[in-house]
Amino acid sequence: MGNIAIIGGGPAGVMAAIVAAENSKQPVDITIFDKGRVLKTILYTGNGRCNLTNNLTNFKELASSYPRGEKFLYSVFSQLDVPKTIKWFNDHGLELYIQIDNRVFPVTDDAHTVRDLFLSLLNKYKIKIKENQRIEKIEKVANKFRAYTADGVVNFDRVVIATGGNHKNPKIYNLVKDLGHNITELKPSLFALTLKEPNINKIAGISIESANIDTYFNNKKVYTTSGDFIFTHKGVSGPAIFKTTAACAFLDFSNDKPLVLKINFLKDKNFDTLNQEIIELVRDNPKKNIVNLVKQLIPGGIADYLFDKHLLNPDKKAAELSKKERNKIVNMLVYSEFCAVSPVFDSEIVTAGGVDLKEVNPKTMESKICSGLYFCGEVLDIDGFTGGFNLQACWSSAYLAGIGAGGSRHLL
Ligand SMILES: Cc1cc2nc3c(=O)[nH]c(=O)nc-3n(C[C@H](O)[C@H](O)[C@H](O)COP(=O)(O)OP(=O)(O)OC[C@H]3O[C@@H](n4cnc5c(N)ncnc54)[C@H](O)[C@@H]3O)c2cc1C
């Protein structure tokens with residue numbers, strides 16, 4: 001009978017443990033070590049609803065949702081893609097539903113349901129759980145792994161590292177480095193942005209549906225995306241901003257060198273089409289205040305804010321609008337510039353960077369440096385956009401790590 005240590009009891013570690021137990025041809029003794037409580041992180045996901053995957057059925061398209069790890073994930077997802085993941089959860093009794101935007105949630109809309117399913121499976125397979133036990137050191141001696149645990153030194157045949165990401169405390173990666181692995185540069189990803197804008201708090205809480213955002217750094221366009229976002233007390237957040245920050249995670253922007261967001265509040269319009277629309281609005285409503293006409297196009301609070309920012313007189317009658325003023329209004333709606341100077345403190349959702357993928361076999365998740373050692377989840381140099389992609393990377397990599405560590409070649 002072999003024994004396996006799983007270091008980290010987040011979604012990845014727990015999935016790997018269950019898959020190893022379910023598929024192993026021989027009995028295996030599995031222990032999960034967690035420095036805190038197992039499955040704590042899953043309860044925060046999807047605002048407590050657990051957005052556990054995204055219904056992208058083509059695995060190449062799925063992989064393109066990861067700014068880091070795309071190529072590596074081809075191989076991983078070709079073995080466990082989204083339909084197989086959904087089937088896995090369904091077969092284990094978890095009913096899911098697909099939202100209109102492709103995000104997948106448990107029908108209960110409650111992350112506790114996912115945690116409870118995993119806890120019942122850990123119990124069913126008699127997987128040992130050691131909570132409040134941080135593992136700081138593992139050595140490979142001959143064919144065995146020697147783990148330094150609170151109960152003393154314990155030998156294991158195989159080890160799965162699922163310690164998650166942590167760009168703030170690179171020391172947590174020492175465990176992996178000591179086993180011979182390289183850790184790529186670590187940065188936060190998927191965060192809200194602080195804007196260098198006066199009175200931004202005046203528009204906090206106003207959300208914009210379907211804007212287009214071109215991002216510039218050092219006068220060069222670095223990213224374009226579209227989607228929803230929201231103004232906050234300090235800046236901007238929401239899906240389109242998370243996509244932008246994931247794509248720009250490794251750009252060192254600051255107060256002196258900001259990321260410049262050029263926002264088109266009216267995604268389907270360009271300068272010419274909007275200019276024409278405003279000419280017509282003015283012609284049809286000559287006595288109306290110009291700001292009220294703009295409020296027919298964008299949320300009122302944003303219109304007031306932009307008029308103030310661009311020193312435009314909101315009370316001017318439409319008929320009195322000069323061509324120069326009209327051009328200014330059109331420009332501020334389709335190319336509105338905002339300077340982002342830093343991530344909002346503690347707003348990041350994942351870590352970009354981690355275990356160097358060159359050193360891991362994408363078919364098995366086994367280390368190419370140290371046999372019997374496996375990786376899964378966010379500890380790897382893999383991170384995705386929001387929308388269930390990060391958990392999907394956990395499920396797929398953990399599935400392979402569980403199969404490998406459990407000594408089975410069975411794939412779904
Ligand atoms: C607020 C929030 C919401 C999110 N929502 C979503 C979502 O809806 N959908 C989605 O796809 N992704 C979401 N994510 C991202 C997702 O939660 C992570 O990508 C995922 O949890 C990573 O899983 P993991 O198991 O690799 O690592 P983690 O969940 O970080 O788990 C790692 C575990 O390892 C333990 N550990 C670390 N070091 C040691 C050690 N030395 N010894 C013992 N134990 C150790 C930790 O205590 C932890 O329990 C969200 C993240 C956040 C912060």
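Each ligand, and each atom within it, is numbered from 1 in the order the structure gives. Positions are given from 1 along the sequence.
Under a cutoff of 6.0 Å and an axis angle of 45°, Lys84 and Phe59 do not form a cation-pi pair. Within the cation-pi definition used here (under 6.0 Å to the ring centroid, within 45° of the axis), Lys262 qualifies as a partner of Tyr216.
In this pair, Phe118 and Phe89 present their aromatic rings perpendicular. The plane angle is above 60°, beyond the 30 to 60° band.
The existence of a salt bridge linking Asp110 and Arg49 is excluded, since no basic side-chain nitrogen approaches an acidic carboxylate oxygen closer than 4.0 Å.
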List below, pair by pair, the N or O atoms of ligand 1 and of the protein that are less than 3.5 Å apart, including the distance to 0.1 Å; reply 'none' if no pair qualifies.
{"residue": "ligand 1", "atom": "5 (N)", "partner": "Gly46", "partner atom": "N", "Å": "3.1"}
{"residue": "ligand 1", "atom": "8 (O)", "partner": "Gly46", "partner atom": "N", "Å": "2.7"}
{"residue": "ligand 1", "atom": "8 (O)", "partner": "Asn51", "partner atom": "N", "Å": "3.4"}
{"residue": "ligand 1", "atom": "9 (N)", "partner": "Asn51", "partner atom": "O", "Å": "2.9"}
{"residue": "ligand 1", "atom": "11 (O)", "partner": "Gly388", "partner atom": "O", "Å": "3.4"}
{"residue": "ligand 1", "atom": "11 (O)", "partner": "Asn390", "partner atom": "N", "Å": "3.3"}
{"residue": "ligand 1", "atom": "11 (O)", "partner": "Leu391", "partner atom": "N", "Å": "2.7"}
{"residue": "ligand 1", "atom": "19 (O)", "partner": "Glu378", "partner atom": "OE1", "Å": "2.7"}
{"residue": "ligand 1", "atom": "25 (O)", "partner": "Pro11", "partner atom": "N", "Å": "3.3"}
{"residue": "ligand 1", "atom": "25 (O)", "partner": "Ala12", "partner atom": "N", "Å": "3.0"}
{"residue": "ligand 1", "atom": "26 (O)", "partner": "Glu378", "partner atom": "N", "Å": "2.8"}
{"residue": "ligand 1", "atom": "29 (O)", "partner": "Thr41", "partner atom": "OG1", "Å": "2.7"}
{"residue": "ligand 1", "atom": "41 (N)", "partner": "Ile135", "partner atom": "O", "Å": "2.9"}
{"residue": "ligand 1", "atom": "42 (N)", "partner": "Ile135", "partner atom": "N", "Å": "2.9"}
{"residue": "ligand 1", "atom": "44 (N)", "partner": "Lys35", "partner atom": "N", "Å": "2.9"}
{"residue": "ligand 1", "atom": "47 (O)", "partner": "Asp34", "partner atom": "OD1", "Å": "2.7"}
{"residue": "ligand 1", "atom": "49 (O)", "partner": "Asp34", "partner atom": "OD1", "Å": "3.3"}
{"residue": "ligand 1", "atom": "49 (O)", "partner": "Asp34", "partner atom": "OD2", "Å": "2.6"}

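Thr273 and Asn270 form a side-chain donor-acceptor contact under 3.5 Å, judged by distance and modelled atom types alone. There is no side-chain donor-acceptor pair under 3.5 Å between Glu136 and Tyr148.
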